[in-house]
Amino acid sequence: MAFDPVQSLSRIRHEFGEHGGVNMSIEASTTFTVMAAETMPEIFLGEKGPDQGGCFLYGRHFNPTVYVLGRYLAAIEGTEAGYATSSGISAIACSIMQLCGPGDEVVASNAIYGGTFALFKEFFPLKTGINVKFVDISNLEEVKAAITDKTKAIFTESISNPTMVIADLPKLAELAHDVDAKLVVDNTFSPMLLSPAQHGADIVVHSLTKFIGGGSDIIAGAVCASKEFIAELMDLHTGAVMLLGPTMDPRVAFDLSLRLPHLGLRMQEHSRRAQFFADKLEALGLKVSYPGLESHPQHDLIESLTNTGFGFGGLFAIDLGTAERAYEFMNDLQQNEGFGLLAVSLGYFDTLMSCSASSTSSELTEEELADAGIAPGLVRISLGYTGTLEDRWDQFERALKRAKMI
Ligand SMILES: *Cc1c(COP(=O)(O)O)cnc(C)c1O
């Protein structure tokens, strides 16, 4: 049967709070007692833990509230386990550092979030000896050619940032598993609508800062994977999350837990509106990139991967030719129409728009931008769901006319 993230979450939410509350409880302790002194060494040895006797030790290790949020996120992704971190970038950094040591290699998509790109290209080789080879992830021959016996992970975003390239997850999983490497997928752009673990991904990472948080008010991240991998990350002696310490506050975990039950509805509405805009823009002859368009080169692929009923996501990109035209258009939308906000990030309830080449992807050189297909006038739009869709489209169309683009 097809995977249903909404059902999967709602089943696990039927485990109640401490006093039968409909919501989880906030456990604000940083340290936890044991009933017998003998239990403590067992926790240190990993013989007792949240899942083994309900034993907790210290808040940077496991916190019960953060742990429950991790289980909710795992339910949404359909993985055995999950744990939340203080940011998306820490979830990515810790996952890769857990899989790789000095001299090991990662094959990564060249069209990824700028911060991840900088982490992989500059920080890892310099500070950890982990080397990353960048490839066009939609070219499986290129991916295969980049794999060596040192490759420990293939890293990609499910829908790439900002070029909307779709990763062929089943094929990438096969390539990774052939050499005993893991497929690590950043699913920040497509929670609910795409479940990478159902298509062979071993580790799914998220920036909860975006769609999942939905309010642009919290920086947070998560790793969803096997029980074994989460245990490795949290190992008291060798775990990257435990020892580097990107710990989520339990109050934040509680806050985020309340946003998960309506995540599906929000994604549906983001998608419905983005599809409407993309259809209109394409009909007007503009250069628009959206996975829900039949003209998208990988439309059939994403259709074969997505869960039913959530559409194709809230982001589309439109190429306005030059950075100057892109700036002028965005200024007009924000200042004169009150449509959207000139800001980086995505997944907010209101529209956010930015010119990728000179903002979120400015970590890339001009050549790297060209390789990744990020044109100078490419505007990334994360479409919100405030106001009526009709009014929002009218505003956008007026601005397009003023810019003489239609
Ligand atoms: C924002 C983002 C990140 C980084 O997440 P933070 O929560 O800001 O640390 C990683 N990947 C993608 C695709 C993102 O959009």
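Both ligands and their constituent atoms are indexed starting at 1 by order of listing. Owing to the predicted nature of the structure, the values given are computational and were not obtained by experimental measurement.
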Any ion pair linking [Y] and [X] (charged N to carboxylate O, less than 4.0 Å)?
X	Y	value
Glu105	Lys133	yes
Arg272	Glu269	yes
Glu122	Lys127	no
Asp319	Arg325	no

| query | When the ring centroid of Phe56 is compared with that of Phe62, is the distance short of 6.0 Å? | reply | no
> For the ring pair Phe134 and Phe117, is the centre-to-centre distance below 6.0 Å?
Replying inline: yes
For ligand 1, which atoms have a heavy atom of [X] less than 4.0 angstrom away?
X	answer
Asp186	10 (C), 11 (N), 12 (C), 13 (C)
Thr209	6 (P), 7 (O)
Ala220	7 (O)

Contact check: Ser207 vs ligand 1, nitrogen or oxygen atoms, below 3.5 angstrom
yes
Would Gly88 count as being in polar contact with ligand 1, using the rule that some N or O on each side must be under 3.5 angstrom apart? yes
Short version for Ile89: what comes under 4.0 Å of ligand 1, heavy atoms counted, is both
re atom 4 (C) of ligand 1, the protein heavy-atom contact at minimum distance is Tyr113 CE2, 3.5 Å
shortest atom 15 (O) of ligand 1-to-protein heavy-atom contact is with Lys210 NZ, 2.7 Å
